Amino acid sequence: MMIERNLRRTVLPNGLIVLTERMEHLRSVAMGVWIKSGSRAEEAEINGISHFVEHMVFKGTRSRSAQHIAREMDSIGGNLDAFTGKEMICFNVKSLADHVPIALDVLSDLVLNPVFASSDIERERGVILEEIKIDEDNPDILVHELFTQNFWKDHPLGKPILGTTATVARLDQQRLLDYHFGRFHAGNMVFSAAGNLHHDEFVQAITDKFAGLHPGQPLTELPAPLSGARILLKNKKSLEQVQICLGVPSPPVADESRFATLILNTVLGGGMSSRLFQTIREERGMAYSVYSDMTPYRDTGAFCVYAGTSAGKALECIDLIMAEFAKLKQEPLSAEELTRAKDQLKGNILMGLESSNSRMANLARQEIYFGHFFSSDEIIARVEAVQAEQVQRMGQQLFDPERIAVTLLGRLDGIKLNRTKLVC
C-alpha cells in the first residue's frame, strides 16, 4: 500500500497499473508509459529491437505523421522523450497542467497506434547505425560495453541495448509489429504521472485511452546470468588513453543489502571526496576521470570501477584500486567517513527527487522492482541505519579476487595483465 497521501494507485480491469503523485505547487505534469521489458528480453538474432521500436513510434501513428507529432508538442511547449534500458522501455512527456489532455493524447497515440511504415524503418535504421558508431567512437562508453559483454557473455543482459550492425540490419516491419503486439500490452505496462493533477480524473482519462488494450500474458525471461571473471585486453591505437573498467557481481536491485552497497560505492568512488578520486587523481594526478558505480537489475548486478589513464600508468592504477578494495575489506569505516558518506547519499537522493520527471520515474521503478512505495523518509531512515560493519562485510563479499573481471581498451603498448595483479 502507498502510505503518502499524495500517492495513489489504481489497476484498470485489463491489468494496466496507473500511479500518480499530486504536487500542487507545480504548474506542470510529467507522465510516462513504462513497458516492463527491455533488451534483456530479446532473442539474440533480434538484439536491438526494443530500442528500434522505441525510435519507430515517433515516426508516425494511424492519425499523426512524425512532423504532426513534433509540431503538436512544440505548440504546447511540451517535452516528449523516450529511452530503452535492459529491463524497461519508457515513453514520457512533460507539459503544463492545462495542456495535459493534448500531451496525453499524443503520448497514448504513440504507444498504442504506431504504423511502422517500411520507408520510415529504412530511414531510422540508418539513424540507429550512426548511433551505434557514436558509442563505438566514445571510449568511456565502449569500454563499459565491452566489459558488460564479457561479464555476462552469451546472455541477453550482456548484449548492447542498441543491438549490433548485423542485428539492426535484419529488423523488418513484421518483426517490429510482432514485438509491439507481444510487449505493449496492459499486463506488461505501468502508467505513472507526477505534478499538478487529480488522480480520479487522470485515471478516467487513461481509461478512455487504454481500456481497449489487451491484457496480454506475463513474459518469461531467461534466468539470471552467470558472471564471468574474464580479463580482456583490447588494443585500439587511435586512443590516447587506456580505459580501465574493472568489476564484480553485486546484489540485485531489491536486495536488503542495497543501502550498505550504496554507502560502499559512495566511499570508494562516488564523488570528489571518495577514496579513488583522492588517491588516483588528487594525490597522484594519474587520471582525470575515476569513479565507481553500481548497475543493479532484478536478479543480479555489477559493481564497477572506471579510470582513464596513460598506458605507462595503467597497471599502477589497477594496483591502487586493489589496495582500496583491500582496505575496505580489512578496516571498518571511521565514524566521520560513514557520516560524511550518509550525508552525501541523502543529499543526492533528495535532490534527485525534486522534479516531477524524477518523481514520475521513481513511482514507476518502485512499482516494477518492489511492488511497494518507499517514502523519502523511509529511504533516509534506511541509509541512516547502515553500520560500518555492514559496509565492511559488503566489501568482503564483493571484492573476491577470483570474481574480478577487467577490460582494458586503448593503446596498450604491450601491457600484460593476469590474475596475480588482482589480489585484494
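Note that the structure is predicted; figures quoted are calculated from it, not measured.
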Which class fits the ring pair Tyr291 and His144: parallel under 30°, tilted 30 to 60°, perpendicular over 60°? parallel
Going by the angle between their ring planes, with limits at 30° and 60°, are Phe370 and Phe374 parallel, tilted or perpendicular? perpendicular
Looking at Phe399, Phe151, Phe147, Phe325, which one forms a ring-ring contact (aromatic ring centres under 6.0 Å, His included) with Phe303? Phe399
Residue of the set Phe91, Phe210, Trp34 for which ring-ring contact (aromatic ring centres under 6.0 Å, His included) holds with Phe191: Phe210
Is a side-chain N or O of [X] found less than 3.5 angstrom from the main chain of [Y], in a donor-acceptor match?
X: Asn196; Y: Leu26; result: yes
X: Arg275; Y: Leu268; result: no
X: Gln278; Y: Met272; result: yes
X: Glu124; Y: Phe52; result: no
X: Arg170; Y: Glu45; result: yes
X: Arg183; Y: Ala41; result: yes
X: Ser28; Y: Leu96; result: no
X: Lys329; Y: Cys424; result: yes
X: His180; Y: Val111; result: yes
X: Arg419; Y: Pro401; result: yes

Compare all side-chain heavy atoms of [X] with those of [Y] and state whether any distance is below 4.5 angstrom.
X: Met322; Y: Val423; result: no
X: Arg22; Y: His198; result: yes
X: Met394; Y: Leu398; result: yes
X: Asp400; Y: Val248; result: no
X: Asp343; Y: Thr339; result: yes
X: Leu176; Y: Tyr179; result: no
X: Arg340; Y: Ser273; result: yes
X: Leu422; Y: Ile318; result: yes

What's the shortest heavy-atom distance between [X] and [Y], and which atoms?
X: Arg40; Y: Pro225; result: NH2-CD, 4.2 Å
X: Ser39; Y: Ile161; result: OG-CG1, 3.6 Å
X: Val267; Y: Ala341; result: CG2-CB, 3.7 Å
X: Leu162; Y: Ile128; result: O-CG2, 4.2 Å

Let me confirm one number: the [atom1]-[atom2] distance from [X] to [Y], rounded to the nearest 0.5 Å.
X: Thr61; Y: Lys59; atom1: OG1; atom2: NZ; answer: 13.0 Å
X: Met31; Y: Ile206; atom1: CE; atom2: CD1; answer: 7.5 Å
X: Leu197; Y: Glu24; atom1: CG; atom2: CD; answer: 10.0 Å
X: Ser376; Y: Arg359; atom1: OG; atom2: CZ; answer: 5.5 Å

Side-chain donor-acceptor pair under 3.5 Å between [X] and [Y], yes or no?
X: His199; Y: Thr10; answer: yes
X: Asp255; Y: Ser257; answer: yes
X: Gln344; Y: Thr266; answer: no
X: Gln174; Y: Asp178; answer: yes
X: Lys234; Y: Thr407; answer: no

Test: [X] and [Y] ion pair at under 4.0 Å:
X: Glu256; Y: Arg382; value: yes
X: Lys159; Y: Glu42; value: no
X: Asp105; Y: Lys209; value: yes
X: Lys133; Y: Glu136; value: no

Near [X] [atom1], under 6.0 Å, is it more than 12 heavy atoms from other residues, nucleotides or ligands?
X: Arg230; atom1: CZ; result: yes
X: Arg71; atom1: CZ; result: no
X: Leu226; atom1: CG; result: no
X: Glu43; atom1: CD; result: no

Could you check whether Arg258 makes a cation-pi contact with Tyr369, meaning its NZ or CZ is under 6.0 Å from the centre of the six-membered ring and within 45° of the ring axis? no
Pair Asp109-Ser63, side chain to side chain donor-acceptor pair (under 3.5 Å): steps then yes or no: CA-CA 8 Å; Asp109 194 25; Ser63 57; 3.2 Å; yes
Could you give me the CA-CA distance, side-chain angles and deciding distance for Ile379 and Phe259, then say whether side chain to side chain contact (heavy atoms under 4.5 Å, CB included) is met? CA-CA 9 Å; Ile379 293 168; Phe259 294 98; 4.0 Å; yes
Evaluation steps, side chain to side chain donor-acceptor pair (under 3.5 Å), between Asn362 and Gln366: CA-CA 6 Å; Asn362 187 46; Gln366 297 221 33; 3.2 Å; yes
Stepwise side chain to side chain contact (heavy atoms under 4.5 Å, CB included) test for Asp172 and Ile121: CA-CA 7 Å; Asp172 56 23; Ile121 290 171; over 6 Å; no
Would you sort out whether Ser192 and Glu367 count as a side chain to side chain donor-acceptor pair (under 3.5 Å), showing the intermediate values? CA-CA 10 Å; Ser192 63; Glu367 171 67 39; over 6 Å; no
